[in-house]
Amino acid sequence: MATATAPAKSMPQIVALCKRRGFVFPASEIYGGINGFWDFGPLGTQLKNNLRDAWWRDMVHSPPSGPDGQPLEIVGLDSSIIQNPRVWEASGHVSGFSDPMADCRACKARFRADDLIGVELIFPDVPEPNKRNFLICGVGTPEEVLETNTKKIQKLQGANGPYERLSSHHVFSELNEEGRAEFSCPNCGEKGHLTEPREFKLMFETYVGAVRDEESKTYLRPETAQGIFLNYKNVLDTMRVKLPFGIAQIGKAFRNEVTPRNFIYRSREFEQMEMEWFCRPADAPKWFAFWQERRLTWWRSMGLGAENLRVRPHGADELSHYARGGSGTVDIEYRFPFTDPDFAELEGIAHRTDFDLKAHQTQAGIKLEYFDQEHNARYLPHVVEPAAGLTRGVLAVLCEAYTPDPARPSKVYMRFHPKLAPIQAAVFPLVAKDGMPEVAGKLYRELRGRFTCRLDIKQSIGKRYARMDEAGTPYCFTVDGQTLSDQSVTVRHRDTAAQERIGIDHVTDFLAQRIKG
RNA sequence: GCGGGUGUAGCUCAGUGGUAGAGCGUCACGUUGCCAACGUGAAUGUCGACGGUUCGAGCCCGUUCACCCGCUCCA
């Protein structure tokens, strides 16, 4: 790989460029910011819109052909961020989305209180009044806890003889204060230093209407997917769709993350691009494989390097509550500068089975079954879900594009795919005289209707090229003295700084050709 | 939530208790016929915020907020 010798990409420098050039600003910055929220500046907004529109086009307007060569059918949706709170009870988010955590005051370790258990041991050979039970504490199953504490148990046996194990174990999160005091920290071994479990509520709560009581409490959606399941029947009834088909949605989602980190990678307000693919249960594995391959290809077509992308299947223990019992989940991961050499999730493709439709059918009491005329059968479709992070996608595109180059004046340029670049073209007069600004202005007015375009007349030509390098503008067209005599302009290519000369009449075609692919 | 680090102009940073600084960028004018050129001039700061110590705080102390790193977490 040629990248082996490329200078490492530094996250602080990428963040600085994003601020300097108007891609991403800290949210509420003049008030000191707010943890986990970011604003997109003019260029960042355009970049995000371009990525979003590309997804919509490639999913809804012109989805890929299926394995049999037939075009797939996917329709769009835009559901409400706030839904009836029962939605989130049915979906499992109210119960599954808050984790009780306990901290050790002595060593500062943190544990999931429902994973933390204690196994009680009895030593029958010890005579009264010294006879007492010992509690072996740890994380995992009782067997695992005994396994990890073998040495301690051997020591106890040495002093007290053989032991018996109480059949039921204690779960830390279910104990009262007295019970918790008997627990020792699995990390440092100190007894009685674990805090009472505290709930980490990962869903933002809000209240609908003027009266603020439990009745009016609801949530900001933690995923866009549920809005799709809620409208599945509406779409079936109105759109003449037949299985298999998809419903796609792009929108904001909110999670009260414990630790927002890594710039816009894990923020509390973010955007998702989700598509729920409804199919026959028997076909789900086939579609699961199909979408994995298509989605990986799509990210590559957005300019992400193959060497920075990978597909990683989830282990059985990390599957979401809705994805157990299906073909599983895979993540499409990107090698971000802050994870390098490791990777982090960009998109998850999950076989959600009929978990959600079944849950809503039961909870809402509305039949959501599909009548399959071809097979003369009635069933709940299975769902394969490619769920991509738009915000994360923007970050991946920014990181991929960021290219240090000590040889050029800007020292860095943003190598966006031309179709994603927030500014696709710039028009300059070489100098601001002899009628060049007028010709450049005319060209600019022609281009701006079709492309995102900038006209810059001020300052030296080198400065203007340098600015466009940091903005990631792929093509700069310069009107010079020769233009006035032969109607040609120079095209300056961002990635090579090389120039060629084309007719001023061909600029539109030149751009259209390169920005389409 | 814990530990460590950072916070001074748009950016990068200097400034160890005594008048708020530099480079770059930005803007204006001139010059300039292809890569942040040059000349002249200009704007820009509650020194992250609040409180304390002090005659006096960007600097010392406390609190707090944000960002970075590590833990923890990430349905």
Aromatic contact between [X] and [Y], with the criterion being ring centroids under 6.0 Å apart: yes or no?
X       : Y       : result
Y334(A) : F343(A) : no
W38(A)  : F263(A) : yes
F270(A) : F254(A) : no
F40(A)  : F23(A)  : no

If the [atom1] atom of [N] is compared with that of [M], how far apart are they to the nearest Å?
N      : M      : atom1 : result
C11(B) : U63(B) : C1'   : 30 Å
A20(B) : G45(B) : P     : 13 Å
C24(B) : A43(B) : C1'   : 16 Å
U8(B)  : C13(B) : C1'   : 9 Å
G23(B) : G41(B) : P     : 13 Å
A22(B) : A14(B) : P     : 16 Å
A37(B) : G25(B) : C1'   : 15 Å
C27(B) : C67(B) : P     : 30 Å

### Query
So which pairs with a foot in residues 258-269 of chain A pass salt bridge (charged side-chain N to carboxylate O under 4.0 Å, His left out), sequence neighbours left out?
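Checked against salt bridge (charged side-chain N to carboxylate O under 4.0 Å, His left out) - neighbours excluded - the pairs reaching residues 258-269 of chain A are K252(A)-E269(A).
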### Message
I'd like to know if the side chain of T218(A) reaches the main chain of N84(A), judged simply by a donor and an acceptor atom lying under 3.5 Å from each other, with no hydrogens or angles considered.
### Response
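Side chain of T218(A) to backbone of N84(A), a donor-acceptor pair under 3.5 Å: no, none is there.
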### Task
Could you tell me whether a side-chain N or O of T339(A) sits under 3.5 Å from a main-chain N or O of R335(A), the two making a donor and an acceptor?
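No, T339(A) side chain to R335(A) backbone: no donor-acceptor pair under 3.5 Å.
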In this structure, how many angstroms lie between the [atom2] atom of [N] and the [atom1] atom of [X], rounded?
X       : N      : atom1 : atom2 : answer
F254(A) : C74(B) : CZ    : C1'   : 18 Å
E257(A) : U72(B) : CD    : C1'   : 13 Å
D331(A) : C74(B) : CG    : P     : 14 Å
I457(A) : A28(B) : CD1   : P     : 11 Å
L116(A) : U72(B) : CG    : P     : 15 Å

### Query
F477(A) pairs by side chain to side chain contact (heavy atoms under 4.5 Å, CB included) with which of I502(A), I504(A), T483(A)?
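Looking at I502(A), I504(A), T483(A), the match for F477(A) under the side chain to side chain contact (heavy atoms under 4.5 Å, CB included) is I502(A).
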### Task
For each nucleotide in nucleotides 63-70 of chain B, reading 5' to 3', give B when a protein heavy atom comes within less than 4.0 Å of its base, S when such contact involves only the sugar-phosphate, and - otherwise.
--SSSSBB
### Task
If a protein heavy atom is under 4.0 Å from the base, mark B; if only from the sugar-phosphate, S; if neither, -; do that for nucleotides 31-43 of chain B going 5' to 3'.
-BBBBBB------
### Anti/syn call for G10(B), syn if |chi| within 90°
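Anti, since the glycosidic angle lies more than 90° from 0.
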### Message
Show, in sequence, the C-alpha distance, side-chain angles and deciding distance for L398(A) and C18(A), and conclude whether the side chain to side chain contact (heavy atoms under 4.5 Å, CB included) test is met.
### Response
CA-CA 9 Å; L398(A) 282 167; C18(A) 284; 3.8 Å; yes
Who pairs with [N] - Watson-Crick or G-U, where each distance is under 3.5 Å:
N      : answer
C2(B)  : G70(B)
U63(B) : A49(B)
G23(B) : C11(B)
C38(B) : G30(B)

### Query
Given that K19(A) and E223(A) both sit by RNA chain B, which one's nearest nucleotide is further toward the 5' end?
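Whichever sits nearer the 5' end wins; that is K19(A).
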#### Entry: Y413(A) side chain to R415(A) side chain, donor-acceptor N/O pair below 3.5 angstrom
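A donor-acceptor contact under 3.5 Å links the two side chains.
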